[in-house]
Amino acid sequence: MTTIGSPNHMNIHSLRNALTQLEKEGSGLGHFNVADLVLLKAVIAAATDTGFPVLVGASEGEREFFGTRQLAAVVKSLREETGLPVFLNADHTHSLQKAVEAAHAGFDSVGVDFSAFPFEQNVAHTKEVVQAIKAVNPAIVAEGEIGDIGTGSEIKETAQGDFKKLTTPEEARQFVDATGIDVLAPAVGNMHGMLKSMVQGKAKKHLDLERIAQIKQAAGIFLTLHGGSGTDDEHFRKAVAAGINIIHINTELRVAWRRSLGESLVRDPNEVVPYKVLLPVVDSVKQVVTSRLRLFHGELDAVGSVA
Ligand SMILES: [Zn+2]
């Protein structure tokens, strides 16, 4: 059997093919958010070292900071230079205009997010945006979201939102049939951001694995897990086995970024050369991405990435 780290995988140049291939192998595709070149370099370095495909993600805020077209151009350039299966997702897109902008810029997928709306409105808005982005690029991968898993990849005092209310298989089936999405992001015990106890490594998120399997069967399409940071390692592996195809990690990267930047600045107060200050930050974030990629591909068991 081919393993994902083998040179054969260098031939995967569509996100859809990568998802199909990984599903066959029982692996999950790591989705890592970037807001600047430091984070992007870290993700690419981890992909280069491991040989695994990666899905680079950027939310509306992250795209605004980096520049939507600029990010697409840099990722395209890195993909060409490395020959690696590196894909780009417009994460949590809340408007038709921003979705179409990302499609025109060349993003491989758009995460259409109207999950804050009541179900029927979510269906109507999602369907409209899916049709619009597929008119720009028929090969684009469209993701839709249902359920409340909170917002913001940040450190939180307490869990916000109604994240205990899980997506039902029936809702999932209806939503997929009505919207024409390719990927569904359900609420299955996941949550955006991390509690302080999770950052300290004292607590972990746990997923409803049985519900994931039921939703997979009802939806019949690829599934994305948002808010993966701080999830129990064993649950990640079992979630992939139950039908999760893409796993989002953002807060863990941000925590590593912030910590290592702080340490780097303190280490030498007279250092003013940006790349000397920032290189250790790239390395710290890269270590988190690498350990998560290895876990999603069944190469590692327990790794406390941010402890
Ligand atoms: Zn998310």
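Note that these values count all heavy atoms, side chains included, but never hydrogens, waters or copies made by symmetry. Numbers here are sequence positions counted from 1. A quick note: this is a predicted structure, and the numbers were derived from the prediction, not measured.
- Here E210 contributes atom CD and I215 contributes atom CD1; the two are 11.5 Å apart, rounded to the nearest 0.5 Å.
- Atom CE of M194 sits about 6.5 Å away from atom OG1 of T251, to the nearest 0.5 Å.
- Across every non-hydrogen atom of R211 and T167, the tightest pair is NH1-O, 2.7 Å.
- At least one side-chain heavy atom of V34 sits under 4.5 Å from a side-chain heavy atom of L71.
- In terms of hydrophobic clustering, with Ile, Leu, Val, Met, Phe, Trp and Tyr side chains grouped at heavy-atom distances under 4.5 Å, L265 and V281 are assigned to a common cluster.
- Within the 4.5 Å cutoff, the side chain of T20 has heavy atoms near those of the F222 side chain.
- H31 and H226 have tilted rings, their planes meeting at an angle from 30° to 60° on a 0 to 90° scale.
- Side-chain contact between S260 and P280: absent, with no pair of heavy atoms (C-beta onward) separated by less than 4.5 Å.
- Checked against K238 for a side chain to side chain contact (heavy atoms under 4.5 Å, CB included), the options L209, I244, D233, I212 give a single hit: L209.
- Ion pair D232/R237 not flagged as a salt bridge, since none of the NZ, NE, NH1 or NH2 atoms sits closer than 4.0 Å to an Asp/Glu carboxylate oxygen.
- Inspection of the N89 and S109 side chains reveals an N or O donor paired with an N or O acceptor under 3.5 Å.
- Here the CG atom belonging to L39 is positioned 8.5 Å from the CZ atom belonging to R254, to the nearest 0.5 angstrom.
- What you find for K205 and G193 is that their closest heavy atoms are NZ-O, 2.8 Å.
- Under the 3.5 Å distance criterion, the side-chain polar atoms of R63 are matched with a main-chain donor or acceptor of D91.
- N250 pairs with exactly one of E154, H192, E62 by the side chain to side chain contact (heavy atoms under 4.5 Å, CB included) rule, that one being E62.
- Residues K196 and I155 meet the side-chain proximity criterion, which asks for heavy atoms closer than 4.5 Å.
- Counting all heavy atoms, side chain and backbone alike, A18 lies closest to F87 at CB-CE1, 3.8 Å.
- Outside the 6.0 Å centre-distance limit, the rings of F114 and H94 are not counted as a close aromatic pair.
- K216 has a carboxylate O that lies under 4.0 Å from a charged side-chain N of E23, or vice versa, which qualifies the two as a salt bridge.
- Among the candidates E252, H297, Q287, the single residue satisfying the side chain to side chain donor-acceptor pair (under 3.5 Å) test with R292 is E252.
- No donor-acceptor pair under 3.5 Å is formed between the side chain of S77 and the backbone N or O of A73.
- Here K41 does not pair with D36 in a salt bridge; the nearest charged N to carboxylate O distance is not below 4.0 Å.
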#### Entry: Stepwise salt bridge (Lys or Arg N to Asp or Glu O under 4.0 Å) test for D182 and R16
CA-CA 9 Å; D182 307 294; R16 209 176 292 270; 3.2 Å; yes
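- Here the shortest heavy-atom pairing between V123 and A178 reads CG1-CB, 3.6 Å.
- No salt bridge links E263 with R259; every basic N to acidic carboxylate O contact stays at or beyond 4.0 Å.
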